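Bear in mind the structure is a predicted one, so any value in this text is a computation, not a measurement.
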Amino acid sequence: MRDSPSPAAGAWRSYARSSALSMALSSGMSHWLAQRRPVRRILMLHGIGGDKMTQADFYRVMSWLKQRYAIVPLQHMIGDILGGRPAPSGAGRSQLAITFDDGLRNQYALAYPVLKALGLPATIFVCPGLVETGQWMWNHDVRARLHRLSDGALAEWAAAVQAPAAQVEAVVAWMKTLPLPERQRVHALLRDATPGFVPTPQERAAYDPMDWDEVRACDAQHICIGSHTMTHPILPTLTLPEIQHELQHSRDLLQAQLQRRVDIFCYPNGSNDARVRQVAQSLYRAALTTEEGVVTANVDPMAIPRIPATAHLPLLAWRMHRPWA
């Protein structure tokens, strides 16, 4: 039987990879390789703030991208894709659109000022049902509550609901597979198990959604608002009428509140199937996934891939060339 890699060997590989990425960035190789490809790119972000992407990190990343790409409104890029227009190519002409999922307050409070200062357009995909109630996305609430349980209490609760493992991320992943009524039942049992739950200031900063005043305050010249369903369910777990409601009512409510057209959609968690795509196609011009990739000429407008953002510039530069890295 082959021996497992030693911690030292793993650390060396990680160091070597990081060094190679840094060299590719500093030499300009990453960007040169990226610019050689006549494709469009869409950057995918979520929350701003915390350890993964501070506001300072975000400013640095956006400044770096602005110097190297033509950052365009997503709706304009979608129009070019649907019109069959080829992607611009050549030095400094590669197009990039910036997107945020979930409509979080930190996107308004921390990202929006940076975008305005740099004059950059972006799209924020919003769940208007959560804007209406101020509730967190269900997976954020589940994750925070699970972290309140001791190891013993988590194991006991997981066994009671027949979760496959007593680990926080494993439970969240399992709940994403459940039909909506069952997921809601399990969530209710978790609320029963954490009756004294009060969000910390750090959790609120990470998970609070924008309110309507904040959504409306996003200048349409800088920010396009897209639909992200009403309440962020995992769409393939829903019935067809539930899918129709989540996609159509989200669009209609956003349009009523903003008094402008909302015609771009983003699948929560990237999850979709043939039923979901068919409903999306009947309501929206285009739909984005979480699948990693660049936007090629033959892209499916109902399954447009994106490049996940990172504060680590060497890795981000390489992802612009190889999004799956």
Side-chain angles (χ1 to χ4, degrees), residues 17 20-46 52-53 58 60-101 111 115 118 120-125 224 226 228 263-272 277 280-281 284-325:
R17 181 171 185 267
L21 291 174
S22 295
M23 185 176 297
L25 172 67
S26 60
S27 68
M29 180 183 293
S30 298
H31 186 59
W32 179 77
L33 289 170
Q35 291 290 340
R36 291 179 65 205
R37 303 187 66 186
V39 295
R40 297 178 171 94
R41 294 171 175 83
I42 302 174
L43 193 68
M44 173 177 64
L45 298 107
H46 290 83
K52 290 186 178 180
M53 180 77 76
F58 181 68
R60 179 168 49 89
V61 167
M62 291 299 106
S63 298
W64 184 86
L65 291 170
K66 181 179 179 179
Q67 293 171 11
R68 290 161 178 81
Y69 292 89
I71 300 180
V72 301
L74 177 63
Q75 59 270 41
H76 293 179
M77 181 183 288
I78 296 298
D80 287 343
I81 293 168
L82 296 178
R85 289 179 279 278
S89 60
R93 296 185 61 202
S94 293
Q95 287 186 345
L96 173 68
I98 299 165
T99 64
F100 297 83
D101 291 6
L115 294 168
L118 294 174
L120 299 179
T123 295
I124 301 177
F125 291 103
C224 170
H228 202 36
D263 58 9
I264 305 175
F265 181 73
C266 179
Y267 304 105
N269 204 53
S271 301
N272 65 88
R277 290 191 298 274
Q281 189 169 22
Y284 299 95
R285 285 198 302 158
L288 276 58
T289 71
T290 57
E291 181 181 349
E292 298 181 17
V294 294
V295 184
T296 58
N298 61 351
V299 69
D300 179 352
M302 288 295 119
I304 299 177
R306 292 182 286 175
I307 297 172
T310 172
H312 184 51
L313 276 181
L315 178 55
L316 177 61
W318 195 249
R319 283 180 179 174
M320 302 301 280
H321 165 54
R322 293 172 59 88
W324 52 91

Taking N269 for its side chain and S271 for its backbone only, find out whether a donor-acceptor pair lies under 3.5 Å.
no
Within the 4.5 Å heavy-atom criterion, are M320 and L96 side-chain neighbours or not?
yes
Test I42 against every option in T123, L288, I307 by the side chain to side chain contact (heavy atoms under 4.5 Å, CB included) rule and name the one that passes.
L288
Between the main-chain N or O of S63 and the side-chain N or O of R68, is there a donor-acceptor pair closer than 3.5 Å?
no
Do side-chain atoms of R41 reach the backbone of V295 as a donor and acceptor pair under 3.5 angstrom?
no
For R319 against A309, the heavy-atom pair lying closest together
NH1-O, 3.7 Å
Hey, are R306 and T290 close enough side-chain-wise for a donor-acceptor pair under 3.5 Å?
no
Minimum heavy-atom separation for E292 and P305, please, with both atom names.
C-CB, 4.2 Å
Checking R285 now: which residues fulfil salt bridge (Lys or Arg N to Asp or Glu O under 4.0 Å) with it, not counting sequence neighbours?
D263
When every non-hydrogen atom of A87 is compared with those of P38, the smallest separation belongs to CB-O, 3.6 Å
May I ask you to decide if G270's main-chain N or O and T289's side chain share a donor-acceptor pair within less than 3.5 Å?
no
Is there a donor-acceptor pair under 3.5 Å between the side chain of H228 and the backbone N or O of C266?
yes
Would you check if the distance from the ring center of Y267 to the ring center of F125 is below 6.0 Å?
no
How close do P121 and P73 get, counting heavy atoms only, and between which atoms?
CG-N, 3.7 Å
Within the side chain of S94, is there an N or O that forms a donor-acceptor pair under 3.5 Å with the backbone of Y69?
no
Is the side chain of K66 donor-acceptor paired with the backbone N or O of L118 at a distance under 3.5 Å, no angle test?
yes
Quick note, side chain to side chain donor-acceptor pair (under 3.5 Å) partners involving residues 73-83, not counting sequence neighbours, are D80-R85
So do T99 and L43 actually touch side chain to side chain, heavy atoms under 4.5 Å?
no
Over all atoms of both residues, closest heavy-atom pair of N298 and T296:
OD1-OG1, 2.6 Å
